[in-house]
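I have placed the structure first, in the form of C-alpha cells, so that the comments after it can refer back to it.
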Amino acid sequence: MKIFVTDTYEQMSRKAANIIAAQVQLKPNSNLGLATGGTPVGMYKQLIKMNEENDINFENVRTFNLDEYYPIDKNNDQSYYTFMNENLFKHVNINEENTNIPNGMADNIEEECKNYDNKIEVAGGVDIQVLGIGHNGHIGFNEPDGIFTKETNCVELTQTTINANVRFFNSIEEVPKKALTMGIGTIMKSKKILLLASGEDKAEIIRIMIEGNIDPKVPASVLQLHPDVTIVLDKKAAGKLSL
Ligand code: PGA
C-alpha cells in the first residue's frame, strides 16, 4: 500500500485528481471506477477544473460507479446517477453513453447485477477504482459481514450507513434501505485502487483497515491483499496511524 498524507482536504483532493489525470493521460480510454459520498466531491471539482484547462480529456474514458440505492429512480435528487451528473459528468467532456451506474429501478435485480459485472469485464476491467470508506469499514455498500462478497449484488444497508446518509435526505424514512453494489470481488479485480479519507471521524477506521486484521467485519481490510493500492488521507484521517 502506498499512503500519502496531506495537510488539508483540498490537498487530498488535488493529489487524488492528479492520480486520475495521470491515469487518463497514460491511457486515454481508461475505465475509471467512481464513487459517491462527500469525500470525492473535492476531487471531482479538481477534475472539472483540469478538464476546463485541457489537462484531462474524458472523451474516450468509460466510468463504472460502485453502487446505487435500491429502489430509486435515476432522476431522484438523491440517486447516485444525479450525484454523478451534478458533481462531474455534466461539467466535463464525457460521453454519457460511456458512464455506467447500476440501475436502481431494475425489475430483475439478479440480472442487473450479473449484467453489471459482465459490462465491466467486456470493457476490459476497471483500471483504477476510487473508493471512500464508511465509518464501519464499508467500501461501496459492502457492509461488515461474515464473508467477503464476490460479485455485484443487492444489499440491505446497516443502520450506521442509513444514519450516515440521512444528511442527504429530508428524513430517515426517505433513506432507501437497500443498494446495488459492486462486490468485494468486483472491487478487488480492478487493476489499481485509490482510497480517499478525510477528517478525524475516519481516523479509527483507517487505522483498523491498514493496521488491523483482514476481516470481513471490516470490508476495507481486504485491500491489504490488493497489489496496487494508493491511499490518500488528510492528516486528521491519518491521525491514529502508528506508521
Ligand atoms: P463519505 O462516505 O465520503 O460521505 O464519508 C464514504 C462511504 O460511506 O463510503
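Quantities reported herein were computed from a predicted structural model and do not represent experimental measurements. When a ligand or atom number is given, it counts from 1 through the structure's own listing order. This chain uses plain numbering: 1 for the first residue, then up along the sequence. All heavy atoms count here, side chains included; hydrogens, waters and symmetry mates do not.
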May I have the N/O to N/O pairs between ligand 1 and the protein that fall below 3.5 Å, each with atom names and distance to one decimal?
{"residue": "ligand 1", "atom": "3 (O)", "partner": "G38", "partner atom": "N", "Å": "3.3"}
{"residue": "ligand 1", "atom": "3 (O)", "partner": "T39", "partner atom": "N", "Å": "2.9"}
{"residue": "ligand 1", "atom": "3 (O)", "partner": "T39", "partner atom": "OG1", "Å": "2.5"}
{"residue": "ligand 1", "atom": "4 (O)", "partner": "G38", "partner atom": "N", "Å": "2.8"}
{"residue": "ligand 1", "atom": "4 (O)", "partner": "R167", "partner atom": "NH2", "Å": "2.8"}
{"residue": "ligand 1", "atom": "5 (O)", "partner": "K202", "partner atom": "NZ", "Å": "2.6"}
{"residue": "ligand 1", "atom": "8 (O)", "partner": "H138", "partner atom": "NE2", "Å": "2.7"}
{"residue": "ligand 1", "atom": "9 (O)", "partner": "H138", "partner atom": "NE2", "Å": "3.3"}

Open item on the list: Suppose we call two aromatic rings close when their centres sit under 6.0 Å apart. Are Y69 and F83 close by that rule?
Closed with: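 That pair fails the under 6.0 Å test.
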Open item on the list: Tell me every residue that passes ring pair (Phe, Tyr, Trp, His ring centres under 6.0 Å) with F168, counting only those two or more places apart in sequence or in another chain.
Closed with: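 Residues passing ring pair (Phe, Tyr, Trp, His ring centres under 6.0 Å) with F168: none at all.
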- [ ] Show your reasoning for whether salt bridge (charged side-chain N to carboxylate O under 4.0 Å, His left out) applies to E111 and K114.
- [x] CA-CA 5 Å; E111 199 176 277; K114 212 182 235 166; over 6 Å; no
- [ ] Under the salt bridge (charged side-chain N to carboxylate O under 4.0 Å, His left out) rule, what do K27 and D127 come out as? Steps first, then yes or no, please.
- [x] CA-CA 9 Å; K27 186 181 175 204; D127 291 297; 2.9 Å; yes
- [ ] Please report the C-alpha distance between Y44 and F89 in whole Å, then the side-chain angles of each, then the deciding distance to 0.1 Å, and finally whether the ring-ring contact (aromatic ring centres under 6.0 Å, His included) criterion is met.
- [x] CA-CA 9 Å; Y44 292 141; F89 296 156; 8.0 Å; no
- [ ] Assign the ring pair F141 / Y80 to parallel, tilted or perpendicular, where the plane angle (0 to 90°) is split at 30° and 60°.
- [x]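 Parallel: the ring planes of F141 and Y80 meet at under 30°.
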